[in-house]
Amino acid sequence: MPIGTHSAAARVIAATLLVTLAFGVSNAQQSNRYLIIHIDAISYETYERALAEGKLPTFERIFDDGVTRRALTLFPGSTPVIYSRLRTGEANDAGVALGIGGWFDRERDQVYAELLVRRDLVFSAPRRAQTGFAYGWVAFTLAELSVMNLPDLLERYRVVEFFWFATDTIGHLEGIDAQITWLSRLDAAIGRVLPRLDLDDLNLIIYSDHGMSAVDQSVVVSQVIDDALGGHVTFASYPNIYLRDTSQTAEAARRLGEGAVLDFVVYRVDECTVKGYLYGGFFEIIEHDGAYAYTSRDDPFGYAAVGYDGSPLDADEWLALTIEHPYPGAIPNLFRYAQHPNAGELVFGLNPPRFPAGFPPYQAHHYGIRDTDLLVPVWVRGPDLEHLMTDDPLWLHELVQGIDPAWLEPILTREEHRIGVSFDPGIPDVQLHAQYSPAYRWRIDAAASTSGRISGGVDYDVFSDYLFRLWLGADLTLEHGAVTPAIRAAFDIDLGRARITPTLRADVHRLEMGIGAEFAFDVADGRVYLTVPGRGRWGVAAGW
């Protein structure tokens with residue numbers, strides 16, 4: 001190798017290392033971290049059954065000195081309703097999401113379509129967590145593999161949110177037994193990475209967003225509404241019915257409610273009064289100063305059985321009184337929803353075992369106000385969560401209230417700085433490589449080899465989740481006195497301590513495809529890698 005080339009290579013590597021050392025700080029955060037795991041559609045009853053069957057050994061181990069609480073989610077039980085309100089603490093009389101289906105936006109005088117609801121749900125999650133929704137619908141195993149990377153993600157981000165949606169999809173299609181199977185698989189996946197989680201400094205919140213009930217009696221809801229109300233409906237999507245003539249609201253509710261063609265129907269009379277029917281029984285809710293009084297002809301909810309005497313109770317008092325009842329907290333839950341500015345003139349639902357007919361035929365659903373639809377488990381432990389470690393029931397939308405909001409904002413740390421060496425014994429050739437990251441999602445690299453090849457490039461992360469990451473970039477290569485520009489792509493597949501990276505590089509002369517791999521070992525605040533860059537090369541690298 002010519003002396004001049006040696007000198008140029010040394011200057012490239014030295015300059016990159018000086019920048020790396022001058023501006024690089026450890027990605028590791030010294031503060032306590034938060035891991036928040038969202039489990040979809042597991043009722044408290046299903047959790048208790050799984051626990052009794054011995055299906056949750058990791059949960060038992062982790063929360064041996066933590067707390068499992070009962071929480072009531074907001075009606076209607078759906079991911080958009082509760083997830084959109086967790087950070088704000090809003091109840092269901094405010095906020096945007098009204099359910100998984102569409103609704104009528106009165107301010108804009110137009111339907112807010114179901115597709116937009118699902119879009120908003122996905123993009124409300126952290127960027128790298130968004131594909132968790134897709135994994136819960138079509139690719140369950142990818143969610144399971146993603147759990148392997150949670151310890152590494154916690155090293156990079158102060159807050160990590162992880163979504164486990166398989167329990168919802170599989171529950172709808174195959175029932176509660178299948179739900180328990182996939183809850184157990186999550187337990188096992190967490191158990192495999194538990195030795196790499198520092199539980200002493202970790203604030204861990206695991207919650208289910210809503211429940212799910214076994215069902216076996218289908219109802220063609222659209223036909224029921226059409227038979228009762230004919231052409232008087234502007235738009236209907238669970239749980240809302242919007243009427244053309246609002247003066248007919250009470251009569252429309254009577255038609256649907258007295259015959260119990262729908263299990264319950266409620267409607268707003270004014271800002272202090274909501275009336276409704278449950279299985280044909282009429283009731284009224286009066287609100288005053290944040291307290292709700294329930295009156296009825298024949299007590300369709302059966303609250304006399306738990307000692308309700310007609311006195312006004314606030315939402316927490318209603319929850320405490322009815323937590324063991326089949327309809328926990330239903331009075332404030334229904335009242336507040338009916339008062340939402342965009343709720344329908346009529347608000348309806350079906351309780352198990354009834355559910356709306358459709359395809360495919362469901363084995364379980366969450367369409368009502370029963371405990372199996374809305375009462376869920378919450379697991380908490382950690383140094384910053386002592387205020388949550390009680391046995392009192394809570395409203396799920398208030399779960400993170402009292403936690404410093406700054407802790408719920410992930411820090412978008414830079415990418416890893418690296419320096420490494422690789423060699424190809426067949427040529428032979430030795431290459432020095434350095435990587436510097438000026439900011440999150442950006443990385444700059446430089447390399448020089450004894451064969452006389454010098455290169456430098458930049459990459460940007462265009463897509464990433466907790467399992468995959470796609471980098472697109474460009475580079476310049478100096479070889480045999482010629483400078484060649486190229487575009488390139490790298491697709492990282494992370495599997496715990498191992499990474500597999502298919503690559504693609506194209507310049508004016510050729511298209512190169514390759515595949516590399518590396519294996520990580522923790523050393524102090526950084527990592528050492530054994531690398532297989534591809535094409536017969538072997539190497540080692542240090543990252544921090």
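By convention here, the first residue in the shown sequence is residue 1.
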Participant: Given T167 and D40, is the side chain to side chain donor-acceptor pair (under 3.5 Å) satisfied, shown in steps?
Facilitator: CA-CA 6 Å; T167 40; D40 214 83; 5.9 Å; no
Participant: Using atom types as modelled and distance alone, determine if a side-chain donor or acceptor of T322 lies under 3.5 Å from a backbone N or O of G329.
Facilitator: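 Present.
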Participant: Please check this pair: side chain of R196 against backbone of N149, looking for a donor-acceptor N/O pair closer than 3.5 Å.
Facilitator: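 Here the side-chain-to-backbone pair does not exist.
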Participant: Counting the benzene-type ring for Trp, do F335 and W318 have ring centres under 6.0 Å apart?
Facilitator: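 When the ring centroids of F335 and W318 are compared, they turn out to be at least 6.0 Å apart.
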Participant: Quick one: does any side-chain atom of S184 pair with a main-chain N or O of I180 as donor and acceptor, under 3.5 Å?
Facilitator: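 Not at all, since once roles are kept as given, no pair shorter than 3.5 Å links the two residues.
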Participant: Would the F165 and Y135 ring centres measure less than 6.0 Å apart?
Facilitator: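 Ring centres of Y135 and F165 not closer than 6.0 Å.
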Participant: Are more than 12 heavy atoms from other residues, nucleotides or ligands located less than 6.0 Å from atom CG of D391?
Facilitator: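 Counting neighbours around CG of D391, 12 or fewer heavy atoms of other residues, nucleotides or ligands fall under 6.0 Å, so no.
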Participant: Distance-only check: which donor-acceptor pairs under 3.5 Å involve side-chain atoms of residues 54-64, not counting sequence neighbours?
Facilitator:
| unit_1 | atom_1 | unit_2 | atom_2 | d |
| --- | --- | --- | --- | --- |
| K55 | NZ | E53 | OE1 | 3.4 |
| T58 | OG1 | D187 | O | 3.0 |
| T58 | OG1 | D187 | OD1 | 3.1 |

Participant: Treating S84 as the side-chain partner and P80 as the backbone partner, does any N or O pair qualify as donor plus acceptor under 3.5 Å?
Facilitator: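 Yes; judged by distance alone, with no hydrogens or angles, the pair exists.
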Participant: Enter the distance from L375:CG to E324:CD here, rounded to the nearest 0.5 Å.
Facilitator: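 The CD atom of E324 is 8.5 Å from CG of L375, to the nearest 0.5 Å.
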Participant: Look only at the side chain of R33 and the backbone of L154, and say whether a donor-acceptor pair between them is shorter than 3.5 Å.
Facilitator: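 Indeed, once roles are kept as given, a pair shorter than 3.5 Å links the two residues.
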Participant: For the atom pair CG (L72) and CG (L319), what is the distance rounded to the nearest 0.5 Å?
Facilitator: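 So the CG of L72 and the CG of L319 are separated by 5.5 Å.
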Participant: Do R106 side-chain atoms and A343 backbone N/O form a donor-acceptor pair below 3.5 Å?
Facilitator: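 Yes, R106 side chain to A343 backbone: donor-acceptor pair under 3.5 Å.
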Participant: Please say whether more than 12 non-hydrogen atoms of neighbouring residues, nucleotides or ligands are located less than 6.0 Å from CD in E90.
Facilitator: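 Atom CD in E90 is packed in, count exceeds 12.
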Participant: Run the side-chain contact (heavy atoms from CB on, under 4.5 Å) test on D209 and V376 for me, step by step, so that the C-alpha distance in whole Å, both residues' side-chain angles and the decisive distance to 0.1 Å come before the verdict.
Facilitator: CA-CA 7 Å; D209 61 337; V376 297; over 6 Å; no
Participant: What heavy-atom pair brings G302 and H325 nearest, and what distance separates the two atoms?
Facilitator: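 Shortest heavy-atom contact: O-NE2, 3.2 Å.
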Participant: So, R49 and E45, do they make that salt bridge, N to O below 4.0 Å?
Facilitator: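 A salt bridge is absent here (no side-chain N lies under 4.0 Å from a carboxylate O).
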Participant: What's the verdict on side-chain contact (heavy atoms from CB on, under 4.5 Å) for I100 and Y238, showing C-alpha distance, side-chain angles and the deciding distance?
Facilitator: CA-CA 8 Å; I100 196 66; Y238 170 76; 5.7 Å; no
Participant: If we only count heavy atoms from C-beta on, is the D459 to R488 side-chain gap below 4.5 Å?
Facilitator: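 Side-chain contact under 4.5 Å: yes.
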Participant: Determine the minimum heavy-atom distance between G175 and A364, stating which atoms define it.
Facilitator: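 Closest pair (atom of G175, atom of A364, distance): CA-CB, 4.4 Å.
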Participant: Would a 4.5 Å heavy-atom cut-off, applied to side chains only, mark T181 and E174 as touching?
Facilitator: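 They are not in contact (no side-chain heavy atoms under 4.5 Å apart), so the answer is no.
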Participant: Inspect the contact between R527 and D152 and indicate whether a charged nitrogen and a carboxylate oxygen are less than 4.0 angstrom apart.
Facilitator: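 The answer is yes: the pair qualifies as a salt bridge.
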Participant: Are L183 and W164 side-chain neighbours, meaning at least one heavy-atom pair lies under 4.5 Å?
Facilitator: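 The answer is no; the side chains never approach within 4.5 Å.
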Participant: Taking atom CG of L262 and atom CZ of R354, what is their separation to the nearest 0.5 Å?
Facilitator: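 The CZ atom of R354 is 7.0 Å from CG of L262, to the nearest 0.5 Å.
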Participant: Let me know which of F133, F123, Y207, F163 forms a ring pair (Phe, Tyr, Trp, His ring centres under 6.0 Å) with Y83.
Facilitator: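 Running ring pair (Phe, Tyr, Trp, His ring centres under 6.0 Å) over F133, F123, Y207, F163 with Y83 returns exactly one hit, F163.
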Participant: Contact between W395 and P332 at the side-chain level, heavy atoms closer than 4.5 Å - yes or no?
Facilitator: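 Yes, their side chains come closer than 4.5 Å.
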Participant: What distance separates D494 CG from R497 CZ, expressed to the nearest 0.5 Å?
Facilitator: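 The CG atom of D494 sits 12.5 Å away from the CZ atom of R497.
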Participant: Which of these passes side chain to side chain contact (heavy atoms under 4.5 Å, CB included) with Y34: D384, L204, L202?
Facilitator: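 So, applying the side chain to side chain contact (heavy atoms under 4.5 Å, CB included) to Y34 and each of D384, L204, L202, only D384 qualifies.
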Participant: Go through the steps to decide whether L385 and I403 satisfy the test side-chain contact (heavy atoms from CB on, under 4.5 Å), and finish with yes or no.
Facilitator: CA-CA 8 Å; L385 301 178; I403 298 175; 3.7 Å; yes
Participant: With no hydrogens and no angle check, is any side-chain donor or acceptor of Y466 less than 3.5 Å from a backbone partner on E161?
Facilitator: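 Yes, Y466 side chain to E161 backbone: donor-acceptor pair under 3.5 Å.
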Participant: Give the minimum heavy-atom separation between G102 and V117, together with the two atoms involved.
Facilitator: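 Reported closest heavy-atom pair: CA-CG2, 4.5 Å.
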Participant: Before giving the answer on side chain to side chain donor-acceptor pair (under 3.5 Å), spell out for N342 and Y242 the whole-Å C-alpha distance, their side-chain angles and the decisive distance to 0.1 Å.
Facilitator: CA-CA 10 Å; N342 283 328; Y242 300 88; over 6 Å; no
Participant: Any donor and acceptor pair, going by atom type alone, linking the side chain of S124 with main-chain N or O of L121 inside 3.5 Å?
Facilitator: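 Yes, because the side chain of S124 sits within donor-acceptor range (under 3.5 Å) of the backbone of L121.
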Participant: Side chains of R69 and M389, heavy atoms from C-beta outward: is any pair under 4.5 Å?
Facilitator: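 Heavy-atom side-chain distance check fails, nothing below 4.5 Å.
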Participant: With ring pair (Phe, Tyr, Trp, His ring centres under 6.0 Å) as the test, pick out the partner of H172 among F355, Y362, F359.
Facilitator: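 Only match with H172 under ring pair (Phe, Tyr, Trp, His ring centres under 6.0 Å): Y362.
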Participant: Indicate yes or no: at least one non-hydrogen side-chain atom of P76 is less than 4.5 angstrom from one of V81.
Facilitator: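 Side-chain contact under 4.5 Å: yes.
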Participant: Mind listing the closest non-hydrogen atom pair of L467 and S146 along with its distance?
Facilitator: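 That closest heavy-atom pairing would be CB-OG, 3.6 Å.
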Participant: Kindly indicate whether the side chain of E416, heavy atoms from C-beta on, has any atom under 4.5 Å from the side chain of Y529.
Facilitator: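 Of all side-chain heavy-atom pairs linking Y529 with E416, at least one is under 4.5 Å.
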Participant: Kindly say whether L98 contributes a backbone atom to a donor-acceptor pair with the side chain of Y337 at under 3.5 angstrom?
Facilitator: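 Answer holds: yes.
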Participant: Would you say the ring centers of F104 and F235 fall short of 6.0 Å from each other?
Facilitator: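 No, ring centres 6.0 Å or more apart.
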Participant: Report all side-chain donor-acceptor pairs from residues 212-226 shorter than 3.5 Å, counting only partners two or more places apart or in another chain.
Facilitator:
| unit_1 | atom_1 | unit_2 | atom_2 | d |
| --- | --- | --- | --- | --- |
| S213 | OG | T372 | OG1 | 2.5 |
| S213 | OG | D373 | OD1 | 2.7 |
| Q223 | NE2 | D227 | OD1 | 2.7 |

Participant: Side-chain contact test, heavy atoms from C-beta onward, threshold under 4.5 Å: evaluate it for F348 versus L256 and give yes or no.
Facilitator: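 A side-chain contact is absent here, since even the closest heavy-atom pair is not under 4.5 Å.
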Participant: Heavy atoms only: give me the nearest A125-Q130 pair and the separation to one decimal.
Facilitator: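 The pair with the smallest heavy-atom distance is O-NE2, 3.2 Å.
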Participant: Sequence neighbours left out, what pairs pass salt bridge (charged side-chain N to carboxylate O under 4.0 Å, His left out) with at least one residue falling in residues 462-472?
Facilitator: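 Counting only pairs at least two positions apart or across chains, the salt bridge (charged side-chain N to carboxylate O under 4.0 Å, His left out) contacts touching residues 462-472 are E415-R469, D461-R469.
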Participant: So, Y303 side chain and Y327 main chain: donor-acceptor pair closer than 3.5 Å or not?
Facilitator: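 A pair under 3.5 Å: yes.
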Participant: What distance do D168 atom CG and I39 atom CD1 have between them, rounded to the nearest 0.5 Å?
Facilitator: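 Here the interatomic distance stands at 12.5 Å.
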Participant: If you look at every heavy atom in L74 and N333, which pair is closest and at what distance?
Facilitator: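 Scanning both residues completely, I find the closest heavy atoms to be CA-OD1, 3.6 Å.
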Participant: Find the distance between OG (S43) and CD1 (I176) and round it off to the nearest 0.5 Å.
Facilitator: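 With rounding to 0.5 Å, OG (S43) is 6.0 Å from CD1 (I176).
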Participant: Closer than 4.0 angstrom, basic N to acidic O: yes or no for R418 and E518?
Facilitator: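 A salt bridge is present here (some side-chain N lies under 4.0 Å from a carboxylate O).
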Participant: Between R70 and E48, is there a salt bridge with N-O shorter than 4.0 Å?
Facilitator: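 The answer is no: the pair does not qualify as a salt bridge.
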Participant: Report yes if the distance between the aromatic ring centroids of F162 and H38 is under 6.0 Å, otherwise no.
Facilitator: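 Aromatic pair excluded; centres sit 6.0 Å or further apart.
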Participant: Can you list the steps and then say if W182 with T169 is a side-chain contact (heavy atoms from CB on, under 4.5 Å)?
Facilitator: CA-CA 10 Å; W182 277 90; T169 306; over 6 Å; no
